[in-house]
Amino acid sequence: MKRRMTPIFQDSFQKRYWRRIVLLSLLAIAVITGIWWWLQNRTDRPNEQQYPVLGAQISQEDGYQDYQILKKESLKFVYLKATEGASYKDDNFDSNYSRAEGSGMSVGVYHFFSFDSSPEDQAQQFIKSVGQDTGHLPIMVYLSYYNDYAQKPPAKAKTQRAIARFVTLVNQYYHQDCIIGGAPALLKRYVPTKGTYPLWQTTQQRPTVGTKNGQQNTWWPRRLRISIGGFHRYAARMAKT
């Protein structure tokens, strides 16, 4: 019985064929593994050289937060919502403040400014609710439209006077710097025309409003909303100008 002879060129072709199959399989496995690792470890954190300081703006809407874990995730500061308008206090403020202070992070507090309440009543509510728990960062007055104000914005001059009055009352009581926060459009419209106010801009783009009234700020943050571990954080670059 004669043994069937396999042509040399056919044997070489089969070896090359299976070698390609193995290489393509290994490549596919490597790609799938790389994608899986990226999905497991991805983060929206911006460039660390451009935004070296990572922080968070937190209110009761964010639920319970473990500040020791946030610190381990490289957060350096938190801004906690304290009050809103003339009668509201954030339900989680006292707990948030105590635990944030205990974490060793820098802590700031902010008041959500109301277009419907007098600055005197709002300042009284803030002082009564916060006490001496104002943190180490400048106190923030946060501006944002609510209800129908986005369609019918509040009067410009009246609102500017109200914000200036609120800042004056809070500054006189605490002898602590204040900053005004909000979207660039609101800051441009409502930051008082008299005086110098450091600004906190809620924008994902490079700030275009860093100072007010021709003088440079001594403190301002740039922030970018990102997400780590399912919770929204803010990257900020602290700058002295």
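Count residues from 1 along the sequence.
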Handout entry: 4.5 Å side-chain heavy-atom contact, T83 and F112
Key = no
Practice task
Identify the residue among D133, N92, V130 that makes a side chain to side chain contact (heavy atoms under 4.5 Å, CB included) with Y97.
Solution key: D133
Problem - Joint hydrophobic cluster, Y142 plus I127, side-chain heavy atoms closer than 4.5 Å - result: yes
Problem - Side chains of S59 and Y110 in contact at under 4.5 Å (non-hydrogen atoms) - result: yes
Exercise for the section: Say whether, by atom type as modelled, one donor and one acceptor occur between the side chain of Q122 and the main chain of S117 under 3.5 angstrom. Expected result: yes
Practice task
Please answer whether the main-chain N or O of P192 pairs with a side-chain N or O of R161 as donor and acceptor at a distance below 3.5 Å.
Solution key: no
Practice task
Kindly indicate whether the side chain of Y174, heavy atoms from C-beta on, has any atom under 4.5 Å from the side chain of Q132.
Solution key: yes
Practice task
Would you sort out whether L80 and V107 count as a side-chain contact (heavy atoms from CB on, under 4.5 Å), showing the intermediate values?
Solution key: CA-CA 8 Å; L80 307 175; V107 178; 3.9 Å; yes
Exercise for the section: To the nearest 0.5 angstrom, please state how far the CD1 atom of I180 sits from the CG atom of L186. Expected result: 11.0 Å
Handout entry: Between NZ on residue K156 and OG1 on residue T193, distance to nearest 0.5 Å
Key = 8.5 Å
Handout entry: Shared hydrophobic cluster for Y173 and F166 (ILVMFWY, side-chain gaps under 4.5 Å)
Key = yes
Handout entry: Side chain S98, main chain D94, donor-acceptor under 3.5 Å
Key = no
Handout entry: Pairwise distance OG(S114) to CG(N147) - rounded to 0.5 angstrom
Key = 9.0 Å
Practice task
May I ask you to decide if P154's main-chain N or O and Y190's side chain share a donor-acceptor pair within less than 3.5 Å?
Solution key: yes
Exercise for the section: Determine the interplanar angle of the F126 and H111 rings, folded into 0 to 90°, and report it as parallel if under 30°, tilted if 30 to 60°, perpendicular if over 60°. Expected result: perpendicular
Exercise for the section: List the atom of V191, the atom of L199, and the distance in Å for their closest heavy-atom pair. Expected result: CG2-CD2, 3.7 Å
Handout entry: Under 3.5 Å: donor-acceptor pair, side chain of Q57, backbone of Y79
Key = no
Practice task
Taking all non-hydrogen atoms of both residues into account, name the closest pair between P153 and Y145 and its distance.
Solution key: CB-OH, 3.6 Å
Handout entry: Set of residues satisfying ring pair (Phe, Tyr, Trp, His ring centres under 6.0 Å) with respect to Y149, sequence neighbours excluded
Key = F115, Y146
Handout entry: Distance-only side-chain donor-acceptor flag, T168 / N171, under 3.5 Å
Key = no
Practice task
Using a 4.5 Å cut-off on heavy atoms from C-beta on, say whether the side chain of F93 contacts that of V109.
Solution key: yes
Exercise for the section: Could you check if a side-chain atom of L75 sits within less than 4.5 angstrom of a side-chain atom of M105, using non-hydrogen atoms only? Expected result: yes
Problem - Main-chain N/O of H136 paired with Q176 side-chain donor or acceptor, under 3.5 Å - result: no
Exercise for the section: Check whether any side-chain heavy atom of R165 lies under 4.5 Å from a side-chain heavy atom of E120, and answer yes or no. Expected result: yes
Handout entry: Side chain D90, main chain A82, donor-acceptor under 3.5 Å
Key = no
Problem - Atom pair CG (L27) and CD1 (I32), whose distance is rounded to the nearest 0.5 Å - result: 9.5 Å
Exercise for the section: Give a yes or no on this: more than 12 heavy atoms of other residues, nucleotides or ligands lie within 6.0 Å of atom CG of D66. Expected result: yes
Handout entry: Nearest-0.5 Å distance, CD1 of residue I139 to SG of residue C178
Key = 5.0 Å
Handout entry: Validation row: V141, V167 side chains within 4.5 angstrom (heavy atoms)
Key = yes
Practice task
Mind checking the CD1-CD spacing from I179 to Q201? Nearest 0.5 Å is all I need.
Solution key: 11.0 Å
Practice task
Taking K81 for its side chain and I58 for its backbone only, find out whether a donor-acceptor pair lies under 3.5 Å.
Solution key: no
Problem - Residues, nucleotides or ligands: over 12 heavy atoms within 6.0 Å of K89 NZ - result: yes
Practice task
Answer yes or no: is there a side-chain heavy-atom contact under 4.5 Å between Y67 and R99?
Solution key: yes
